[in-house]
Amino acid sequence: MVQICATYRYNSGMNDISGHISDDEHHLPVRIYYEDTDFSGLVYHANYLKYFERGRSEYMRLIGIHHHQLAALDVPLAFAVADLHIRYRAPARIDEMITVRSRLIRVRGASFTLKQAVERDGQVLAEGEVQVVCIDMQGRPKRLPAHLQALISACAVNEKDG
């Protein structure tokens, strides 16, 4: 199963819009725009959640899971954030390049958990842990279909609960 994730690791380069997977971790480069900042010129705190979302979405895309395909299943599915913990360490500023790092650490019947970080030149600016649940279109949790669980599990490093 690990071969699924390894395939994407080697087929993507840093210039790809979806980022790349290296050493069981997805890396997504993002530029900070004026719209990302508040009146002080620093990235507004809620925008780090958007960067985490972009990182998760592009990670899923690279391992073969596309939102439009989830919605087109016989029983349409989606992903929703069930739990999120975030710590802010340092600010990002306009025009800077940051990297969103995402690592799958746990997969369960209806959910998976990622550790994510936003960094600039190796300095962690924000870090968090996000639990994502698979839901139907009425918002009820649904077990991950076997093919999705296999794709996600192939990339998970399976850290122990803390």
*Indicate the atoms forming the closest heavy-atom contact of Arg120 with Ala92, along with that distance.*
NH1-CA, 3.7 Å
*May I ask you to list the residues sharing a hydrophobic cluster with Val133, side-chain cutoff 4.5 Å, ordered by chain and number?*
Ile135
*Using the rule that two of Ile, Leu, Val, Met, Phe, Trp, Tyr join whenever any of their side-chain heavy atoms come within less than 4.5 Å, decide whether Leu62 and Leu70 are in one cluster.*
yes
*asked:* Taking Leu84 as the starting point, is it possible to reach Tyr48 by hopping between hydrophobic residues whose side chains are less than 4.5 Å apart?
replied: yes
_Spacing of Thr99 atom OG1 and Tyr51 atom OH [to the nearest 0.5 Å]_ = 12.5 Å
*Can you tell me how far the CZ atom of Arg143 sits from the CG atom of Leu148, to the nearest 0.5 Å?*
12.5 Å
_For the student: nearest non-hydrogen atoms of Pro76 and Asp74, plus distance_ = CD-O, 3.5 Å
*asked:* Would a single hydrophobic cluster contain both Leu77 and Val81, if residues Ile, Leu, Val, Met, Phe, Trp and Tyr are joined by side-chain heavy-atom contacts under 4.5 Å?
replied: yes
*Determine the interplanar angle of the His27 and His20 rings, folded into 0 to 90°, and report it as parallel if under 30°, tilted if 30 to 60°, perpendicular if over 60°.*
parallel
_Consider side chain to side chain donor-acceptor pair (under 3.5 Å). Of His85, Arg106, Arg87, Lys115, which one does Glu129 pass it with?_
Arg106
*Establish whether Met137 and Val132 are linked, either directly or via other cluster members, by ILVMFWY side-chain heavy-atom contacts under 4.5 Å.*
no
_Side-chain cluster (under 4.5 Å, hydrophobic types only) that Ile94 belongs to, other residues_ = Tyr34
*Find the distance between CG (Leu28) and CD1 (Ile17) and round it off to the nearest 0.5 Å.*
9.0 Å
*Parallel under 30°, tilted from 30 to 60°, perpendicular over 60°: which one fits the rings of His66 and His68?*
tilted
*Answer whether the closest heavy-atom distance between the side chains of Thr113 and Asp83 falls below 4.5 Å.*
no
*To the nearest 0.5 Å, tell me how far Ile105 CD1 sits from Gln116 CD.*
10.0 Å
*asked:* Suppose we screen for salt bridge (charged side-chain N to carboxylate O under 4.0 Å, His left out). Which residues come up paired with Arg101, at least two apart in sequence or across chains?
replied: Glu25, Glu119
_When you compare the side chain of Gln149 with that of Phe112, does any pair of heavy atoms fall below 4.5 Å?_
no
*What closest approach, in Å, do Pro91 and Glu96 show between heavy atoms, and which atom pair accounts for it?*
O-OE1, 4.5 Å
*Identify the two heavy atoms, one from Ile86 and one from Phe52, that lie closest to each other, and give their separation to 0.1 Å.*
CD1-CE1, 3.7 Å
_Once salt bridge (charged side-chain N to carboxylate O under 4.0 Å, His left out) is applied, do any residues pair with Arg54, and if so which ones, sequence neighbours excluded?_
none
*salt bridge (charged side-chain N to carboxylate O under 4.0 Å, His left out) between Arg56 and Glu53, worked out*: CA-CA 5 Å; Arg56 287 192 307 278; Glu53 176 66 33; 2.5 Å; yes
*asked:* Using 0.5 Å steps for rounding, measure from the CG atom of Asp121 to the CE atom of Met97.
replied: 10.0 Å
*So which heavy atom on Cys134 is nearest to which on Phe79, and how close?*
CA-CD2, 4.1 Å
*How would you list all residue pairs meeting salt bridge (charged side-chain N to carboxylate O under 4.0 Å, His left out) that involve residues 130-139, not counting sequence neighbours?*
Asp136-Arg140, Asp136-Lys142
*asked:* If you apply the rule side-chain contact (heavy atoms from CB on, under 4.5 Å), what do you find for His26 with Leu114, and how did you get there?
replied: CA-CA 11 Å; His26 179 259; Leu114 301 97; over 6 Å; no
_Residue pair Cys155 / Leu104: nearest heavy atoms and the distance that separates them_ = CB-CD1, 3.8 Å
*Would you check if the side chain of Glu58 reaches a backbone N or O of Gly19 as a donor-acceptor pair within less than 3.5 Å?*
no
*Output all residues satisfying salt bridge (charged side-chain N to carboxylate O under 4.0 Å, His left out) with Arg89, sequence neighbours left out; order by chain, then residue number.*
Glu127
*Check: Tyr59 side chain, Ser102 main-chain N or O, donor-acceptor pair, under 3.5 Å*: no
*Can you find a heavy atom in the side chain of Val118 that is under 4.5 Å from one in the side chain of Tyr88?*
no
*Would a 4.5 Å heavy-atom cut-off, applied to side chains only, mark Ile32 and Arg93 as touching?*
no
*Do Leu73 and Leu151 belong to the same hydrophobic cluster, where Ile, Leu, Val, Met, Phe, Trp and Tyr are linked whenever their side-chain heavy atoms lie under 4.5 Å apart, directly or via other members?*
yes
*Report the distance from atom CD1 of Ile152 to atom OG of Ser111, rounding to the nearest 0.5 Å.*
9.5 Å
